Amino acid sequence: MKKVTIQGVAGCYHDAAAHLYFNGEEIQTVACETFPAMFETLANDASLFGIMAIENTIAGSLLQNHELLRQSNLSIIGELKLRISHVIASLPGQTIDELSEVNSHPMALMQCEQFLRRHPKLKIVERLDTAGSAKEIAEGNLTGHAAVCGEYAANLYGLNILEKGIETNKRNFTRFLILADPLLAAEYGPAERDINKASIVFTTPHTQGALSKILTILSFFDINLSKIQSIPIIGREWEYRFYVDFTFDSLVRYHQAMEAVRPLIKDLKVLGEYAEAQMTH
């Protein structure tokens, strides 16, 4: 049975994403409180897989997770793009008017801003996790509290769903990366014929036009840039590390492009070569 580390408790979106990615397989999820704790768990056991949110269509990139991935020795073996739909749930028998407090992860609360604004009596209290908020209410029998979480979590912890689809933007997707130790990645990663996406990280020399030269070369080799994220390098003022995702139709052209840009970049690290995911509802 595959063991997959997740950030959060049973019922969280990472848990749901893990079961969706490994659909049809029996998996066991290993809960970790934080992303750094998850990476520590993965570093200590090479037989584990990991699943990690990397960006959201509303909230943007999780910058800390980019850096955790770069500093690890893990490889990306796949991705999942999951539609995130939130519910508001409380102990059975309560109406929304009887509630005084709403608990959830800050990102989930931000994504439901319009709904929460319509209920100004609800005091907003941030928690570490969406599903953790549901679990806390159920186990503590907390009347007057509601959780913003997924339907999966509300059902798992026996809460009553007061309203579904409370997120402001219905085009709310989170992209998750599936991670593995390089040896495990060699065994369970995609077949070469399925690889059409790559994630890399690099720095550029502090010279004029360095990044634009690199992007021009990638374009020449028909490499489609799907994301570029810059993160300041601590201790090197005004210098940046670039995280780049790109897709391609030809693995040969991708390898040629990498060879062509290699002399122009520094500190190159290939984070993973994998199959691009479709949206999952």
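All residue numbers in this chain count up from 1 along the given sequence. None of the values given here were measured: they were computed from a predicted structure.
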Closest non-hydrogen atom pair, [X] against [Y]:
X      : Y      : answer
Leu42  : Phe49  : CD2-O, 3.5 Å
Leu91  : Ala138 : CD2-CA, 4.2 Å
Ile231 : Leu63  : CD1-O, 3.9 Å
Ala153 : Gly11  : CB-O, 3.3 Å
Pro190 : Ile195 : CG-CG1, 3.8 Å
Leu184 : Ala46  : CD2-O, 3.7 Å

Run the side-chain contact (heavy atoms from CB on, under 4.5 Å) check on Phe248 and Leu251 step by step: do they pass? CA-CA 7 Å; Phe248 41 85; Leu251 197 57; 3.7 Å; yes
Output the distance between atom [atom1] ([X]) and atom [atom2] ([Y]), rounded to the nearest 0.5 Å.
X      : Y      : atom1 : atom2 : value
Ile51  : Glu79  : CD1   : CD    : 11.0 Å
Ile223 : Met258 : CD1   : CE    : 9.0 Å
Gln28  : Thr5   : CD    : OG1   : 12.0 Å
Ile6   : Phe35  : CD1   : CZ    : 10.0 Å
Glu163 : Ile88  : CD    : CD1   : 8.0 Å
Asn73  : Phe39  : CG    : CZ    : 10.0 Å

Pair Met52-Gln7, side-chain contact (heavy atoms from CB on, under 4.5 Å): steps then yes or no: CA-CA 7 Å; Met52 175 185 77; Gln7 184 274 320; over 6 Å; no
Taking [atom1] in [X] as the centre, count heavy atoms belonging to other residues, nucleotides or ligands within less than 6.0 Å. Is the count above 12?
X      : atom1 : result
Phe220 : CZ    : no
Leu128 : CG    : no
Gln64  : CD    : yes
Gln256 : CD    : yes
Lys2   : NZ    : yes
Lys227 : NZ    : yes
Lys164 : NZ    : no
Lys266 : NZ    : yes

Does [X] reach the side chain of [Y], with side-chain heavy atoms less than 4.5 Å apart?
X      : Y      : answer
Glu25  : His19  : no
Leu162 : Leu99  : yes
Tyr274 : Leu177 : yes
Asn103 : Glu101 : yes
Asp129 : His105 : no
Tyr254 : Asn196 : no
Phe242 : Val201 : no
Leu179 : Leu69  : yes

Would you say the side-chain atoms of [X] and [Y] include a donor-acceptor pair closer than 3.5 Å?
X      : Y      : value
Thr95  : Asp97  : no
Glu151 : Ser85  : no
Thr174 : Asn56  : yes
Asp267 : Thr203 : yes
Asn169 : Gln111 : no
Ser61  : Gln229 : yes
Glu67  : Tyr243 : yes

How far apart are the C-alpha atoms of Glu126 and Leu109, what are their side-chain angles, what is the distance that settles it, and do they pass the side-chain contact (heavy atoms from CB on, under 4.5 Å) test? CA-CA 8 Å; Glu126 294 181 355; Leu109 292 167; 3.9 Å; yes
With hydrophobic residues grouped by side-chain heavy-atom distances under 4.5 Å, do [X] and [Y] end up in a single group?
X      : Y      : answer
Leu156 : Ile137 : no
Ile76  : Tyr188 : no
Val148 : Ile96  : yes
Leu74  : Leu48  : yes
Val125 : Leu142 : no

Identify which one of Ser72, Ser199, Ser75 satisfies the side chain to side chain contact (heavy atoms under 4.5 Å, CB included) criterion when paired with Leu271. Ser199
So does [Y] get a backbone contact from the side chain of [X], meaning a donor-acceptor N/O pair under 3.5 Å?
X      : Y      : value
Ser90  : Ile161 : no
Ser219 : Leu215 : no
Thr207 : Ala210 : no

Thr247 and Asn224: CA distance, side-chain angles, deciding distance, side-chain hydrogen bond (donor to acceptor under 3.5 Å, both in side chains) verdict: CA-CA 5 Å; Thr247 57; Asn224 173 48; 3.1 Å; yes
Between Arg118 and Glu113, is the closest basic N to carboxylate O distance under 4.0 Å? no
Using a strict threshold of under 4.0 Å (side-chain N to carboxylate O), is an ion pair present between Glu276 and Arg175? no
Verdict with reasoning, Asp245 to Lys197, per side-chain contact (heavy atoms from CB on, under 4.5 Å): CA-CA 7 Å; Asp245 293 339; Lys197 188 168 184 177; 4.2 Å; yes
Mind telling me whether Tyr13 and His86 have parallel, tilted or perpendicular rings, with 30° and 60° as the class edges? perpendicular
State yes or no: are the ring centers of His255 and Phe221 separated by less than 6.0 Å? no
